[in-house]
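What you see is a predicted model; the values in this text were computed from it and never measured. Below, chain A is the first sequence line, B the second, and so on; all start at residue 1.
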Amino acid sequence: GQNIDQPTEMTATEGAIVQINCTYQTSGFNGLFWYQQHAGEAPTFLSYNVLDGLEEKGRFSSFLSRSKGYSYLLLKELQMKDSASYLCAVRDRNTDKLIFGTGTRLQVFP
Amino acid sequence: EPEVTQTPSHQVTQMGQEVILRCVPISNHLYFYWYRQILGQKVEFLVSFYNNEISEKSEIFDDQFSVERPDGSNFTLKIRSTKLEDSAMYFCASGQGLNEKLFFGSGTQLSVL
């Protein structure tokens, strides 16, 4: 089976940097995804890691360590519109589904 | 940018009634999914569909649920006899390949009274 853990809530200030951690256990690993979800809306894709290391995309970066079963999403230069839930999702080997964590609700304050 | 579309956006039904939730995946995608999200909870996998058949389903996806791709564009989720606990946001998603990201529709909010 799979187990994905992330903090439930985080707060940060506009302009700051925040790191959202995700740990996972899976019987086989075939990629980790980060999605953003605003309240009442669909999840939207942010990043994908399948190899160890850092993937940078504008203000957002995602890191993966497969040996540690660990990933983080780094958000820089926070804006008010970044207030949302951030979902860590893992794809198991030999399956086509994504399994989601509970999500981290980020509130950005002025 | 191409998108997954879902209809209706809201559906209210009486317990025991049948509902059909509709989705039009992105046209060149091969993998189709239904997920649900109960208010305040995580996004849960229901079923995946590839090559005109179910490839995987979760424990939630019992005999009351079925999926169909009746033509080349639509992908439907049917709940045969709805229960109160089926109230949730239902998301359709599609993907181009096995290691590709999923694109989600805007969801159907199902309320069972």
Side-chain angles (χ1 to χ4, degrees), chain A residues 1-9 20 22-24 26-51 55 57 60 62 64 66 71 73 84-105 107, chain B residues 1-7 9-10 21 23 25-26 29-51 53-61 67 88-111:
Chain A
Q2 291 167 320
N3 193 36
I4 301 169
D5 288 310
Q6 7 176 177
T8 307
E9 288 196 11
I20 302 174
C22 171
T23 58
Y24 65 89
T26 180
S27 51
F29 176 80
N30 197 24
L32 187 143
F33 295 76
W34 285 95
Y35 279 80
Q36 181 191 61
Q37 186 181 29
H38 285 99
E41 296 184 13
T44 54
F45 170 79
L46 289 177
S47 70
Y48 170 58
N49 296 71
V50 67
L51 299 176
E55 293 283 340
K57 195 188 287 187
F60 292 4
S62 57
L64 176 68
R66 287 172 296 170
S71 173
L73 180 70
S85 287
Y86 291 86
L87 315 182
C88 175
V90 172
R91 175 173 274 143
D92 206 320
R93 198 177 296 131
N94 301 320
T95 183
D96 54 352
K97 69 185 182 197
L98 291 187
I99 297 298
F100 285 85
T102 52
T104 299
R105 187 162 161 258
Q107 289 191 41
Chain B
E1 183 174 88
E3 57 180 25
V4 177
T5 56
Q6 290 186 242
T7 54
S9 55
H10 292 83
L21 311 183
C23 170
I26 294 172
H29 285 187
L30 302 175
Y31 294 81
F32 313 115
Y33 307 81
W34 283 101
Y35 284 81
R36 80 171 185 190
Q37 188 174 31
I38 295 169
L39 186 64
Q41 297 186 25
K42 68 178 180 180
V43 176
E44 297 177 290
F45 169 77
L46 292 178
V47 66
S48 56
F49 192 88
Y50 169 71
N51 201 25
E53 60 183 24
I54 290 174
S55 47
E56 197 165 354
K57 58 185 180 179
S58 71
E59 291 173 357
I60 304 167
F61 194 89
V67 289
M89 180 76 93
Y90 287 80
F91 291 109
C92 174
S94 68
Q96 204 163 20
L98 256 188
N99 297 322
E100 300 291 325
K101 64 189 178 189
L102 300 190
F103 291 79
F104 284 80
S106 53
T108 294
Q109 179 65 56
L110 176 66
S111 299

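- The nearest pair of heavy atoms linking B/Phe104 to A/Pro43 is CB-O, 3.6 Å.
- Note that the CG atom of A/Asp92 and the CD atom of B/Glu56 stand 8.5 Å from one another [nearest 0.5 Å].
- Taking both residues in full, the closest heavy atoms of A/Ala42 and B/Ser106 are given as CB-CA, 3.9 Å, listed atom of the first, atom of the second, then distance.
- Closest non-hydrogen pair, A/Arg91 versus B/Tyr33, comes out as NH2-OH, 4.1 Å.
- Chain A forms the most heavy-atom pairs under 4.5 Å with one residue out of B/Phe103, B/Tyr31, B/Tyr50, B/Tyr35, and that residue is B/Tyr35.
- Only the backbone of B/Glu100 comes within contact range of chain A, judged by heavy atoms closer than 4.5 Å.
- Heavy-atom minimum distance, A/Ile99 versus B/Phe45: CD1-CB, 4.2 Å.
- By the 6.0 Å contact criterion, CD on B/Glu59 is open, its count of non-hydrogen atoms from other residues, nucleotides or ligands being 12 or less.
- Heavy-atom minimum distance, A/Phe33 versus B/Lys101: CE2-CA, 3.5 Å.
- Most heavy-atom pairs under 4.5 Å with chain B, from the set A/Val50, A/Thr44, A/Asn30, A/Leu98: that is A/Leu98.
- Here the CD atom belonging to A/Gln37 is positioned 13.5 Å from the NZ atom belonging to B/Lys42, to the nearest 0.5 angstrom.
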